[in-house]
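Some notes on the structure that comes next.
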Amino acid sequence: MSTARETIDALLERSNALGADPRNTNYAGGNTSAKGTDTDPVTGADVELLWVKGSGGDLGTLQEKGLAVLRLDRVRALREVYPGVEREDEMVAAFDHCLHGTGGAAPSIDTAMHALVDAAHVDHLHPDAGIALATAADGEALTREVFGDAVVWVPWRRPGFQLGLDIAAIKQANPQAIGCILGGHGITAWGETSEQARENSLRIIREAQAHLDRHGAAEPFGAHDPSRAVLPESERRAKASALFPVIRGLASTDAPMVGHWTDAEDVHEFLASEKLASLAELGTSCPDHFLRTKVKPLVLDLPAEASVEDSAARLRELHEAYRADYTAYYERHATAGSPAIRGADPAIVLVPGVGMFSFGKDKQTARVAGEFYVNAIHVMRGAESVSTYSPIDEAEKFRIEYWALEEAKLQRMPAQKPLARRVALVTGGGSGIGKATAQRLVAEGAHVVIADLNLDNAQQVAEELGGPDKAAALKADVADEQAVVDAVREAVLFFGGLDLIVNNAGLSLSKPLLETTAKDWDLQHDVMARGSFLVSRETARVMIDQAMGGDIIYISSKNSVFAGPNNIAYSATKADQAHQVRLLAAELGGEQIRVNGINPDGVVRGSGIFAGGWGASRAKVYGVEEEKLGEFYAQRTLLKREVLPENVANAVFALTAGDLSHTTGLHVPVDAGVAAAFLR
């Protein structure tokens, strides 16, 4: 007999192996379990336990802390007090009284399936091939054809205690069976060893896929429509970038959303197919799918070659119709006890020739929603290839989407951070103030695009901040107009749009008037004055298209109002930036875009500017050692404190986190108190 440690290790190994392959199950989809014995710490006697993946976990990355651990005798005893299918939701709370020990994950709705089935190891998965059979109009007959009596058909039933009882009865009545196909949903398999359970799961998936491959129609989605064929890559990316802010704004009507764009081959095959409209209207079937994608997508009904302007106008019309349709769906099925409508905007928007746009509260949620819709495309293809795609009906979808248990799960989620759902672009974000600002924005919930002339630095910062689901990097020469246009287009493709711009890119050359060349002057004005103008212009276009408002922050300088020695080019360009703040605040206020500035002074530590020779120049001007320049600057302030990059980042946060929602055109000094630079 295996020890508890061996049972847990085998379960985790099996779970990770199954979850690592998207052909077996989708992200955070499905669950696995194992039964075994351990010592009761109170009595010292052996106790029979169930280890099962807890609510919300992902098989591919499952760890022991993600398992719920329950006493089997207590879970099985719930059969005697089960009040029937009309009250089965009460059983989820009862699982809490069956837990063994402390810690571990919360039991999921599928716990009964794993506990009640008489097998030591149970897998419940959502493979595309399995769901294709599960959603076929003649799925029961196909299951017999593919598997004989080795796999049993289970008609659709919402996940819960009754489904666990049903599968347990089927297992008992069919001792030869290795698993079952759950109508409209997925598969469940079992075994007496962990390896046997895994092999039975994989056998069902392999044999289902082999049947689809052998017997499936060559064009399950019907004829190819060349008017909706994929555009060449450059055109596709350009159109995606132009439309993304418009679509994001529409998808954010009820609540701000972050976006993800997919132009995978599978998506374009579907978009250019004869059956696009009819299949998209049927929506997804597996609960894990439509809980993330909503019951159906919004589909742009224009050819791929339609102009951006025509496409945007039609999307606005279709969005209005989508909201009305979703509201009607809610009203058709809502009861007095239903949760309030959670928003009527689409989570998936399909644009022929361009791809799929998916949305969620953050990048990961948006990306996963898109991945789930790709799974749904695979399911529809498989079902249509051998039968007719027939998902669960609308009423059942509503019962799950607005399930009290699902609502309770949403209510348990932690409060969002102040900058959640916002997308920032930080220029010069690879070092110094820009890096500190990017770090603070991500810490407060924002998604950040780090733009820097040094791409290696930008990529390193993005990686440190959590990678592509939180931060992205791109190379940008802000002095080059086309480079700025291109960088903003690429920035939009990362997260769907832009909400918060930090004009931070800069450099400085410290020279007296007679030694300052025209080249010195032009370089500093090109990077900071011209660069800020170009970035503000191009990002303002995005924010106006989104119609979600936004923030533009200029990192100016104390020198914009203070006349220091040997600094004509730098200080003049900082004064230019400072006045851009006032001008743009006046111009963009009607679009709810706030423009504010920050005036730092003497940010020596971590500064790319000071490390690049500026520090040595200023130290020479003031007659101090370069390594003591920060201390020198601190001593000339009222607070006698050195200004650090994070102090400037804190000011960016203060201006953009919401408490100063009615402030625009302001300059905030971050100089530890330089009286000569007081704003008047």
Side-chain angles (χ1 to χ4, degrees), residues 419 422-442 446-462 465 471-495 497-508 523-543 550-557 560 570 573-574 576-578 580-581 584 593 595-600 603 606-609 611-612 614 645 648-649 651-653 655-656 670:
L419 296 179
R422 301 197 75 190
V423 181
L425 171 68
V426 180
T427 67
S431 63
I433 292 172
K435 178 179 179 179
T437 299
Q439 290 170 330
R440 180 65 193 271
L441 296 180
V442 169
H447 299 73
V448 179
V449 179
I450 300 154
D452 202 286
L453 192 58
N454 186 320
L455 181 59
D456 289 341
N457 284 357
Q459 289 174 331
Q460 182 176 343
V461 174
L465 293 178
L474 54 80
K475 182 174 182 176
D477 179 356
V478 298
D480 183 324
E481 181 174 19
Q482 190 58 51
V484 171
V485 171
D486 293 343
V488 171
R489 285 177 178 168
E490 286 299 306
V492 164
L493 293 178
F494 288 126
F495 302 115
L498 295 167
D499 308 300
L500 196 168
I501 312 306
V502 182
N503 274 312
N504 169 72
L507 77 162
S508 186
L523 176 61
Q524 292 181 89
H525 278 72
D526 284 350
V527 171
M528 292 181 286
R530 173 185 165 91
S532 296
F533 150 69
L534 290 172
V535 170
S536 295
R537 186 188 70 186
E538 295 308 309
T539 56
R541 296 187 202 278
V542 174
M543 289 190 276
D551 284 282
I552 299 177
I553 302 293
Y554 278 66
I555 306 300
S556 183
S557 170
S560 66
Y570 177 81
T573 198
K574 285 299 181 181
D576 186 316
Q577 284 186 307
Q580 284 186 39
V581 168
L584 297 186
I593 299 171
V595 187
N596 292 292
I598 297 171
N599 289 349
V603 182
S607 167
I609 288 179
W614 172 254
V648 183
V652 173
F653 172 70
L655 284 168
T656 59
V670 182

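We're numbering straight along the sequence, starting at 1. These numbers come from the heavy atoms of this one structure, side chains and all, not from hydrogens, waters or symmetry mates.
- H447 has its side chain out of reach of F494: every pair of non-hydrogen atoms, C-beta onward, lies at least 4.5 Å apart.
- Looking at L498 and V488, their side chains come closer than 4.5 Å, going by heavy atoms from C-beta outward.
- Q524 and T573 share no side-chain donor-acceptor pair at under 3.5 Å.
- The minimum heavy-atom distance between D452 and S431, with the atom names listed, is OD2-N, 4.3 Å.
- Side-chain contact between I555 and V652 is present, with at least one heavy-atom pair separated by less than 4.5 Å.
- Side-chain atoms of I598 and N596, non-hydrogen and from C-beta on, never get closer than 4.5 Å to each other.
- Two residues are said to be in side-chain contact when any heavy atoms from C-beta on lie closer than 4.5 Å; F533 and D576 fail this criterion.
- Within the 4.5 Å cutoff, side-chain heavy atoms of L441 are placed close to those of L500.
- Among all heavy-atom pairs drawn from V581 and G597, the shortest one is CG1-N, 3.9 Å.
- Side chains of I552 and M543 form a contact here, defined as non-hydrogen atoms less than 4.5 Å apart.
- Within the 4.5 Å cutoff, the side chain of V502 has no heavy atoms near those of the T656 side chain.
- The structure places CG of L584 at 12.0 Å from CD1 of I501, a figure rounded to the nearest 0.5 Å.
- Annotation for V670 and A651: closest pair CG2-CB, 3.7 Å, computed over non-hydrogen atoms.
- Separating the CG atom in N503 from the CG atom in L425 is a distance of 8.0 Å, to the nearest 0.5 Å.
- At distances below 3.5 Å, not a single donor-acceptor pair connects side-chain atoms of D499 with backbone N or O atoms of G550.
- Taking CG from D456 and CD from Q460, the interatomic distance works out to 8.5 Å, rounded to the nearest 0.5 Å.
- Annotation: side chain to side chain contact (heavy atoms under 4.5 Å, CB included) contacts of A578 (sequence neighbours excluded): S556, S560, R582, H667.
- When the side chain to side chain contact (heavy atoms under 4.5 Å, CB included) test is applied to R530, the partners found at least two apart in sequence or on another chain are E481, D526, L534.
- Taking OG1 of T539 as the start and CD1 of I593 as the end, the distance is 8.0 Å to the nearest 0.5 Å.
- One distance of note links CG of N504 with OG1 of T437; it measures 6.0 Å at 0.5 Å rounding.
- The two residues S536 and Y554 make their nearest non-hydrogen contact at OG-OH, 2.9 Å.
- Nearest heavy-atom pair across V648 and P600 is CG2-CB, 3.8 Å.
- How far CD of Q580 is from CZ of R537: 11.5 Å, rounded to the nearest 0.5 Å.
- Among all heavy-atom pairs drawn from I450 and G430, the shortest one is CG2-N, 4.0 Å.
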